[in-house]
Amino acid sequence: MMHLARPLQDEDLQGHHERALAVRADGDPAVHDPAWGRDRIFVSIAAFRDPECQKTIADLFAKADRPERVTVGLIRQMDLVEDLAHLAGPAIPADRVREMRFDWRESRGVCWARFLAQSLWRGEAYVLQIDAHMMFAAGWDTKLIEDLERCPGKKSLISFGSPPYLSPGDILSDLYPGIVIPGTFLDCGAIRFSGIWPCAEVEEQFRIPSLLAGGVFGPGEMIREVPYDPHQCFALEEASYVIRLFTHGWDVYSARTRTMWHQYRHNNTLKRKDDFDPGHAARNADFTRRAYMRFNHMTKHGRSTHPRDTEDLDLFGLGDVRTLAAYEDFSGIDLRGKRVSEYALRARYIPDIHEIVKFNVACLDTEGETPPAMMSETERLLRIAMRDWSIDRLSDELVETMLAIAKSDLADIFQMRKGAEVFARRFELKSDFMNWDHAALVSELARLVAAVEHINAAQDAPAPPAPEHRAPAPHALSA
């Protein structure tokens, strides 16, 4: 079971968690037995007014090689009157489902729902997290376990973009599991991940810095060690969780085998004129604002002093096995500066990626697209090279770089004081830099050096040749 180190600060949220811990399915053992979960699969589902949910669960059991080893943990957010028709779908084995129902107006977002679904875990060896609108391949349970066992180490998990199915008619795509890659930062400050779908099965599984929340499979111990943060929101769900998993020592790999399909079209949610509630909308806006502040605080983009923004962050924060800087180096994402690199957008952490799947990056390859905030390849490599430098060395190098810029013609470009002023303050500057954290010094020094190299390279580049002068073409003679 998922027991936290201490009670949650929010009494209502703690009450939800305790209710979830008390839920039993009829097929659960009367007395907790640690050996009971061996070889079993726990399937976590968060459903929000979803008419596909019942069909998803029925198909899950129908297509499993061994349905007796599967248990579902379901958080159903619904209108307790209007959505009763959603329960009239195909029959599901009630003895294999642990379920909690909430009026949708009580919902605190998808991360809250996924946290409560994880609270329904009872020690099963494996956990599969999906959405409530899925269809499955025959033997999905055996195939997922086989893919996971191909990954190195006990702290490996797999994540994938499921190929789409279309309704009505449940038309299944013939694509293969999507390899999850980073996208750009949105204007709101969130970063989203997406999938690139191969047209043929890819034999190799690749270590990746991203995940999609609707397709995660791994050891059940992942829930105990890195539970979902119930204070996060939809736009930051996947970035927050994969960073926390990475810093706790977990590795994400792509999937090899096609095991399920996902309904991506928006007709999976019924639209009603009364689907808006002012109180729910106001609470959701507050939860979202706090989630952005929380994510920025955790990833060092900003610092929040409001206790509600950092509530329970000791339970749902970064791990101490690997650093945030190590994640940035692996992924090519600058979390502190809200920038991405071409290395990240083109998934170059996967060797020979373009021989495996062809894909375009719209913001880089489409004419007229506004490019996102980018970190150059020079800066990315400089950051990696400087990670082992001491704070003293980084401070010295930063002062020397600033002094060199201030004495050069680049001072105005960088809006930097003239050389004499920087020289006079060099000891004061170093003292200030010595109080910075190591990652901030690396980021600032790499940014400055890369910018100087870029400007110098542009100034040294030969001017483009003048257009060749050609005599005008003679006019055609008329007949």
Side-chain angles (χ1 to χ4, degrees), residues 41-48 50-65 70 72-74 110 113-114 117 126-148 150-151 156-183 192-206 208-218 222 234 237-238 241-242 252-269 347 350 356-357 359:
I41 300 173
F42 172 74
V43 183
S44 168
I45 302 177
F48 187 87
D50 202 315
E52 295 282 302
C53 182
Q54 201 81 354
K55 186 173 73 173
T56 294
I57 298 173
D59 199 54
L60 174 90
F61 284 103
K63 301 289 179 57
D65 276 344
V70 177
V72 170
L74 172 63
V110 66
R114 293 206 197 276
Y126 304 102
V127 57
L128 170 63
Q129 181 173 282
I130 59 172
D131 289 335
H133 28 272
M134 313 286 288
M135 295 186 69
F136 297 84
W140 63 266
D141 50 338
T142 302
K143 294 172 182 176
L144 281 174
I145 291 173
E146 288 174 353
D147 270 9
L148 184 63
R150 287 164 55 102
C151 300
S156 295
L157 58 109
I158 58 177
S159 185
F160 46 88
S162 297
Y165 77 88
L166 304 178
S167 294
D170 296 341
I171 302 167
L172 303 180
S173 164
D174 59 359
L175 295 173
Y176 284 81
I179 301 172
V180 189
I181 63 171
R192 299 291 294 276
F193 302 141
S194 60
I196 48 175
W197 282 274
C199 295
E201 185 172 297
V202 179
E203 269 303 310
E204 192 174 352
Q205 291 174 253
F206 306 102
I208 55 178
S210 320
L211 62 74
L212 289 181
V216 178
F217 183 74
M222 175 179 69
F234 179 78
E237 172 189 10
E238 291 152 341
Y241 199 45
V242 77
V252 184
Y253 289 85
S254 60
R256 181 178 62 94
T257 312
R258 184 168 52 203
T259 53
M260 61 195 75
W261 290 262
H262 185 284
Q263 187 190 66
Y264 292 99
R265 289 176 58 180
H266 293 296
N267 65 349
N268 63 311
T269 301
I350 298 176
I356 299 162
V357 56
F359 67 99

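Any value given below was found using the heavy atoms of this structure, including those in side chains, with hydrogens, waters and symmetry copies removed. Index from 1, following the sequence.
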task: Using the side chain to side chain contact (heavy atoms under 4.5 Å, CB included) rule, take D141 and Y126 through it: C-alpha gap first, then chi angles, then the decisive distance, then the call.
output: CA-CA 10 Å; D141 50 338; Y126 304 102; over 6 Å; no
- Task: Answer yes or no: does atom CZ of F234 have more than 12 heavy-atom neighbours from other residues, nucleotides or ligands under 6.0 Å?
- Result: no
In this structure, OG of S254 is separated from CD1 of I350 (nearest 0.5 Å) by 6.0 Å
- prompt: Mind checking whether V70 and F61 have side chains closer than 4.5 Å, heavy atoms only?
  reply: yes
- Any side-chain heavy atom of I356 within less than 4.5 Å of one from F206? yes
In terms of heavy-atom contacts, I181 and A347 come closest through CG2-CB, 3.8 Å
Taken to the nearest 0.5 Å, the spacing of I57 CD1 from I130 CD1 works out to 8.0 Å
key: N/O donor-acceptor pair under 3.5 Å between K63 side chain and F136 backbone   = yes
R256 meets the salt bridge (charged side-chain N to carboxylate O under 4.0 Å, His left out) criterion, sequence neighbours left out, with D147, E201, E203
* Could you give me the CA-CA distance, side-chain angles and deciding distance for I208 and V242, then say whether side chain to side chain contact (heavy atoms under 4.5 Å, CB included) is met? => CA-CA 10 Å; I208 55 178; V242 77; over 6 Å; no
Is the shortest heavy-atom distance from the side chain of V110 to the side chain of F48 under 4.5 Å? no
Side chains of R258 and F160, heavy atoms from C-beta outward: is any pair under 4.5 Å? no
Heavy-atom side-chain proximity of V216 to E238 below 4.5 angstrom: no
Just distance, no hydrogens or angles: give the donor-acceptor pairs under 3.5 Å from side chains in residues 192-199, sequence neighbours left out.
unit_1 : atom_1 : unit_2 : atom_2 : d
W197   : NE1    : G161   : O      : 2.9

When every non-hydrogen atom of Q129 is compared with those of A213, the smallest separation belongs to NE2-O, 2.9 Å
Distance col, row L212:CG vs I179:CD1, nearest 0.5 angstrom, shows 12.0 Å
Q) Within a strict 4.5 Å, meaning less than it, do heavy atoms of the W140 and L128 side chains meet? A) yes
Between V180 and S210 the two heavy atoms that sit nearest each other are CG1-CB, 3.6 Å
Just wondering, do L74 and C53 contact through their side chains at under 4.5 Å, heavy atoms?
-> yes
Of all heavy-atom pairs linking I45 and A117, the shortest is O-CB, 4.2 Å
Taken to the nearest 0.5 Å, the spacing of D131 CG from H262 NE2 works out to 3.5 Å
Rounded to the nearest 0.5 angstrom, the CG-CD distance for L148 and E146 is 11.0 Å
Heavy-atom closest pair (P163 atom, M260 atom, distance to 0.1 Å) is CD-O, 3.4 Å
Residue set satisfying salt bridge (charged side-chain N to carboxylate O under 4.0 Å, His left out) with K55, at least two apart, ordered chain then number -> E52, D170
Side chains of V127 and M222: does their closest heavy-atom pair fall under 4.5 Å?
yes
The reported gap from CG in L60 to CE in M135 (rounded to nearest 0.5 angstrom) is 12.0 Å
